[in-house]
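Here is the structure we will look at.
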Amino acid sequence: MFVKEKATGDLVRIDRIDQLANPQSSEVLGWRQAGEEEQGETPFLKSGLAFPSDEPLPQCWCDPHYQCSGDAKQCVPADR
């Protein structure tokens, strides 16, 4: 899967989609697709990545507390 680094606009190839979708991980390993040669594997902060269309990554991929309610810090399932 390709995502874009927001700061540079470079595409980043992510092979471990499970790592990208894991909200417990703030980083993902990927390969920058800039220049003629593929760069080495590098860790990228998920907060600095977006889809190539500039759409942000889903909150459930980035925030382990995305279903938690405000100050109570008590998680509430989305269907309640």
Side-chain angles (χ1 to χ4, degrees):
M1 166 184 258
F2 287 98
V3 294
K4 181 168 74 172
E5 186 178 34
K6 291 189 261 186
T8 63
D10 293 343
L11 287 178
V12 177
R13 188 183 90 214
I14 306 292
D15 289 342
R16 298 276 318 269
I17 306 304
D18 60 321
Q19 192 179 50
L20 182 62
N22 180 356
Q24 301 297 324
S25 173
S26 62
E27 291 186 342
V28 63
L29 295 175
W31 290 264
R32 185 180 308 274
Q33 305 292 301
E36 292 185 21
E37 285 190 32
E38 185 172 76
Q39 305 300 309
E41 188 176 44
T42 306
F44 292 90
L45 287 174
K46 287 199 262 183
S47 61
L49 300 175
F51 288 109
S53 64
D54 287 324
E55 182 180 349
L57 297 178
Q59 185 179 4
C60 62
W61 288 8
C62 302
D63 181 6
H65 303 292
Y66 74 99
Q67 289 184 323
C68 294
S69 62
D71 296 332
K73 304 261 186 201
Q74 182 178 13
C75 288
V76 178
D79 60 349
R80 289 189 186 177

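Only heavy atoms go into these numbers, but all of them, side chains included; no hydrogens, no water, no symmetry mates. On a predicted model such as this, the values are computed, not experimentally measured, just so you know.
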>> Using every non-hydrogen atom in the two residues, find where P23 and P64 come nearest and quote the distance to one decimal.
In response: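 Nearest heavy atoms, P23 then P64: O-CD, 3.4 Å.
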>> With rounding to the nearest 0.5 angstrom, report the OG to CG distance, S26 to D63.
In response: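 Rounded to the nearest 0.5 Å, the OG-CG separation comes out at 11.5 Å.
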> How many angstroms lie between CG in L49 and CG in L11, if you round to the nearest 0.5 Å?
Replying inline: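 Rounded to the nearest 0.5 Å, the CG-CG separation comes out at 11.0 Å.
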> Do L57 and M1 sit in the same hydrophobic cluster, where Ile, Leu, Val, Met, Phe, Trp and Tyr count as joined when their side-chain heavy atoms come under 4.5 Å apart?
Replying inline: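 Same cluster: L57 reaches M1 through Ile, Leu, Val, Met, Phe, Trp or Tyr contacts under 4.5 Å.
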>> Is there a path of hydrophobic side-chain contacts, each under 4.5 Å between heavy atoms, that joins L29 and F2?
In response: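 No; F2 is not reachable from L29 via cluster members.
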> What pairs with P58 under side-chain contact (heavy atoms from CB on, under 4.5 Å), at least two apart in sequence or on another chain?
Replying inline: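 Partners of P58 by the side-chain contact (heavy atoms from CB on, under 4.5 Å) criterion, ordered by chain and then number, come out as F51, C60, W61.
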>> Would you say that T42 contacts V12 through its side chain, given a criterion of any heavy-atom pair below 4.5 Å between the two side chains?
In response: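 Heavy-atom side-chain distance check fails, nothing below 4.5 Å.
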> Can you pull the salt bridge (Lys or Arg N to Asp or Glu O under 4.0 Å) pairs that have at least one residue in residues 12-30, sequence neighbours excluded?
Replying inline: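 The answer is R13-D15, R13-E38, R16-D18.
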>> Is it the case that the side chain of K6 and the backbone of S47 share a donor-acceptor pair, with hydrogens and angles ignored and the cut-off at 3.5 Å?
In response: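 It does hold such a pair.
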>> Could you check whether any side-chain N or O of K46 sits under 3.5 Å from a backbone N or O of V28, counting only pairs where one atom can act as donor and the other as acceptor?
In response: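 Not at all, since once roles are kept as given, no pair shorter than 3.5 Å links the two residues.
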